[in-house]
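Working notes, beginning with the structure itself.
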Amino acid sequence: MCRHPPRTQAAVGPRGHNGWVSQHWVLHVDMDQFLVAVELLRHPELVGRPVVVGGRGDPTERAVVSTASYEARERGVHSGLALKLAWRRCPDAVFLPVDFPVYEAASARVMATLRATPGAVVEVLGWDEAFVGIETDDPVVTATAIRAAVLDATGLHCSVGIGDTLVRAKIATDFGKPQGTFQLTRDNWMEVMGERPTTALWGVGAKIGARLQAIGIRTVADLAAADEDALVTSFGPSSGGHLVRLGRGGGRTRPDDTPWVARAHGRETTYQSDLTTADEVRAALSELAQRVVDDCRKEDRAVQRVHLKVRFAPFFTFTKVRKLPEPTWDVDVVTQTAYALFLALDDQRPVRLLGVRGEMVPPDGGY
DNA sequence: TCTGGGGTCCTAGGACCC
DNA sequence: TCTGGGGTCCTAGGACCC
């Protein structure tokens with residue numbers, strides 16, 4: 001992968017010597033090979049070896065790679081790859097099971113460190129990344145300080161993207177990895193991104209990229225110059241406007257630290273051997289529904305819609321949704337609703353994956 | 001060759017009411 | 001017999017992210 005632009009002067013921010021006025025910057029902090037890095041803290045003997053974290057750590061099972069170490073990535077192993085394939089590509093890799101509580105604890109220490117930065121507004125994006133909004137006269141110095149603070153507090157390395165918008169900061173991080181910093185602003189956006197395909201943008205995947213290409217928009221520069229009305233016609237009022245802004249690197253400039261409120265909780269499981277009978281399916285749905293209801297109950301918010309996700313062998317996924325007559329915590333109601341959706345599919349093939357998701361009543365949405 | 005599990009947001013279109 | 005718009009609610013499904 002040759003995604004790194006040359007580290008020109010644009011890669012280094014204005015130095016904070018005399019005369020620079022403090023201004024607001026967005027920093028995107030992203031942990032390097034997070035799950036693997038956490039594992040290496042407790043297994044230092046594995047440093048330098050190809051390490052793969054995924055599933056239950058058994059590469060003969062149906063599961064995928066959550067995170068691969070840089071050594072494993074050099075051998076073609078990446079997140080999302082089936083563990084069996086990872087094993088084939090890299091038979092001498094060490095396979096470790098996913099250990100959620102440990103990563104959650106590490107994540108909490110990272111986020112606490114970011115929040116402890118004076119003046120920082122922290123918007124958490126996931127386990128291993130966050131935006132930090134901050135006033136500084138030298139964002140590179142600030143980024144370096146944050147990387148050192150995170151390393152000191154957790155023993156973990158991260159990379160930092162610096163930008164004048166969230167989108168630019170987020171995209172900048174990739175150019176800084178690993179253990180580095182990169183700056184992307186309105187001044188170097190087109191120079192760095194203009195000739196890249198639209199899929200290099202955050203939020204443009206293969207499908208949107210193909211649809212853009214079909215209307216003559218191939219690169220980020222093409223998108224930035226595109227006619228907004230044409231995009232609105234093709235993608236709708238919200239997405240059309242969003243895409244043009246994205247092409248220009250625009251959008252939000254301030255992280256939002258409002259605490260995150262879940263809309264839904266879901267559980268899904270890929271079964272090691274396919275489910276073939278109605279009883280097996282009903283029993284599995286019952287177990288998933290129980291866990292979903294437990295999660296919703298913890299927040300004291302009832303389930304108002306039930307989603308069923310089914311993957312039949314070999315690879316064909318359905319999702320169905322049904323609103324309940326009234327919000328509930330009754331596991332039987334959730335189970336029966338999911339099962340009714342399953343029966344409505346009227347498909348006799350073996351089931352490989354089942355998922356149940358409960359959409360919850362909004363916290364202020366009383367009923 | 002085999003495809004996780006946790007989420008979010010958006011659009012389209014039908015049903016229904018005024 | 002043919003026909004408005006506007007609004008809301010609902011389901012289906014697509015797409016994307018980590």
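Reminder, nothing fancy here: chain letters follow the sequence lines and each chain counts from 1. These values consider heavy atoms only, across backbone and side chains, with no hydrogens, waters or symmetry-generated copies. The structure presented is a predicted model; accordingly, all values stated were derived computationally and were not measured.
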- Message: What is the separation between atom CG on A/Asp174 and atom C1' on C/dC17, rounded to the nearest whole Å?
- Response: 13 Å
- Item | Salt-bridge criterion met for A/Asp294 and A/Arg267 (N-O under 4.0 Å) | no
- Distance test, side-chain N/O of A/Arg263 to OP1/OP2 of B/dC9, below 4.0 Å: yes
- Task: Step by step, work out the side-chain hydrogen bond (donor to acceptor under 3.5 Å, both in side chains) result for A/Thr219 and A/Asp222.
- Result: CA-CA 5 Å; A/Thr219 64; A/Asp222 293 340; 3.2 Å; yes
- Rounded to whole angstroms, how far apart are CD1 on A/Ile171 and C1' on C/dC17? 13 Å
- Message: Distance check needed: B/dC9 P versus A/Phe235 CZ, whole Å only.
- Response: 20 Å
- Charged N to carboxylate O under 4.0 angstrom, A/Asp274 versus A/Arg62? yes
- Query: If you pin A/Val261 and A/Pro237 to their nearest nucleotides in DNA chain B, which one's is more 5'?
  - Reply: A/Val261
- Query: With a 4.0 Å cut-off on heavy atoms, is A/Val65 in touch with a base, just the backbone sugar-phosphate, or nothing at all?
  - Reply: nothing
- For A/Arg305, answer base if it contacts any base atom (sugar-phosphate contacts may also be present), sugar-phosphate if it contacts only those atoms, and nothing otherwise; contact means non-hydrogen atoms under 4.0 Å. base
- Query: A/Thr270 side chain N/O closer than 4.0 Å to the phosphate oxygens (OP1, OP2) of B/dG5?
  - Reply: yes
- Message: It should be established whether A/Lys207 places a side-chain nitrogen or oxygen under 4.0 Å from OP1 or OP2 of nucleotide C/dA15.
- Response: yes
- Item | Nearest-nucleotide pick for A/Asp128, side chain only, options being B/dG5, B/dT1, C/dC18 | C/dC18
- Task: Have a look at A/Trp127 and say if it touches a base, only the backbone sugar-phosphate, or nothing, with a 4.0 Å heavy-atom cut-off.
- Result: nothing
- Message: If you only use heavy atoms from C-beta on, which nucleotide in B/dT8, B/dC2, C/dC18 is closest to the side chain of A/Ala82?
- Response: B/dC2
- Mind checking A/Ser79 for me? I need base, sugar-phosphate or nothing, with any heavy atom below 4.0 Å counting as a touch. nothing
- Whole angstrom value for the distance that separates P of C/dG14 from NZ of A/Lys309: 13 Å
- Query: With under 30° as parallel and over 60° as perpendicular, where do the rings of A/Trp127 and A/Tyr103 fit, or are they tilted in between?
  - Reply: perpendicular
- Item | Candidate nucleotides C/dA12, B/dC10, B/dT1, ranked by approach to the side chain of A/Ser239 - the nearest | B/dC10
- Message: Within a 6.0 Å radius of atom CD on A/Gln348, are there more than 12 heavy atoms belonging to other residues, nucleotides or ligands?
- Response: no
- Message: Within the 4.0 Å heavy-atom criterion, would you say A/Ile208 contacts the bases, only the backbone, or no part of the nucleic acid?
- Response: sugar-phosphate
- Message: So A/Trp260, base contact, sugar-phosphate only, or nothing? Heavy-atom distance under 4.0 Å.
- Response: sugar-phosphate
- Task: State whether A/Glu228 and A/Arg245 are salt-bridged, where the test is any N-O pair (Lys NZ or Arg NE/NH1/NH2 against Asp/Glu carboxylate O) under 4.0 Å.
- Result: no
- Task: May I have the distance from A/Leu81 (atom CG) to B/dG5 (atom P), rounded to whole angstrom?
- Result: 16 Å
- Atom pair distance, as rounded to whole Å: NE2 in A/His242 and P in B/dC10: 9 Å
- Query: Reading DNA chain C 5' to 3', how would its secondary structure be written in dot-bracket notation, given Watson-Crick and G-U pairs with both distances under 3.5 Å, brackets [ ] for crossing pairs and | for partners on other strands?
  - Reply: ....||||||||||||||
- Charged N-O contact under 4.0 Å between A/Glu129 and A/Lys170: yes
- Task: For A/Arg282 and A/Tyr339, indicate whether the former's side chain and the latter's backbone hold a donor-acceptor pair under 3.5 Å.
- Result: no
- Message: Under 4.0 Å from OP1 or OP2 of C/dC10: is there any side-chain N or O of A/Lys323 that close?
- Response: yes
- Query: Is it true that the side chains of A/Ser159 and A/Asp32 contain a donor and an acceptor less than 3.5 Å apart?
  - Reply: yes
- Task: Grab the CZ-P distance between A/Arg252 and B/dC9 for me, whole Å please.
- Result: 11 Å
- Task: Between A/Ser66 and A/Gly240, name the one whose nearest nucleotide on DNA chain B is closer to the 5' end.
- Result: A/Ser66
- Item | Gap between atoms CG and P, on A/Leu83 and B/dC2 respectively (whole Å) | 13 Å
- Message: Keeping A/Trp25 on the side-chain end and A/Asp138 on the backbone end, is there a donor-acceptor pair under 3.5 Å?
- Response: no
- Tell me whether the OP1 or OP2 atom of B/dC10 has a side-chain N or O from A/Ser238 closer than 4.0 Å. yes
- Would you mind telling me which of B/dG4, B/dT1, C/dC18 lies closest to the side-chain atoms of A/Glu129? C/dC18
- Query: Between C/dG13 and A/Lys320, is there an OP1 or OP2 to side-chain N/O distance shorter than 4.0 Å?
  - Reply: yes
- Base, sugar-phosphate, or nothing for A/Leu288, non-hydrogen atoms under 4.0 angstrom? nothing
- Give a yes/no on whether any side-chain N or O of A/Arg267 is located under 4.0 angstrom from OP1 or OP2 of B/dG6. yes
- Message: Between C/dG4 and B/dG14, how many Å separate the two P atoms, rounded to a whole number?
- Response: 15 Å
- Message: Please determine whether a side-chain nitrogen or oxygen atom of A/Arg357 lies at a distance below 4.0 Å from atom OP1 or OP2 of B/dG6.
- Response: no
- Look at the side-chain N and O atoms of A/His265 and state whether any lies under 4.0 Å from the OP1 or OP2 oxygen of B/dG7. yes
- Query: OP1 or OP2 of C/dC18 less than 4.0 angstrom from a side-chain nitrogen or oxygen of A/Lys170, does that happen here?
  - Reply: yes
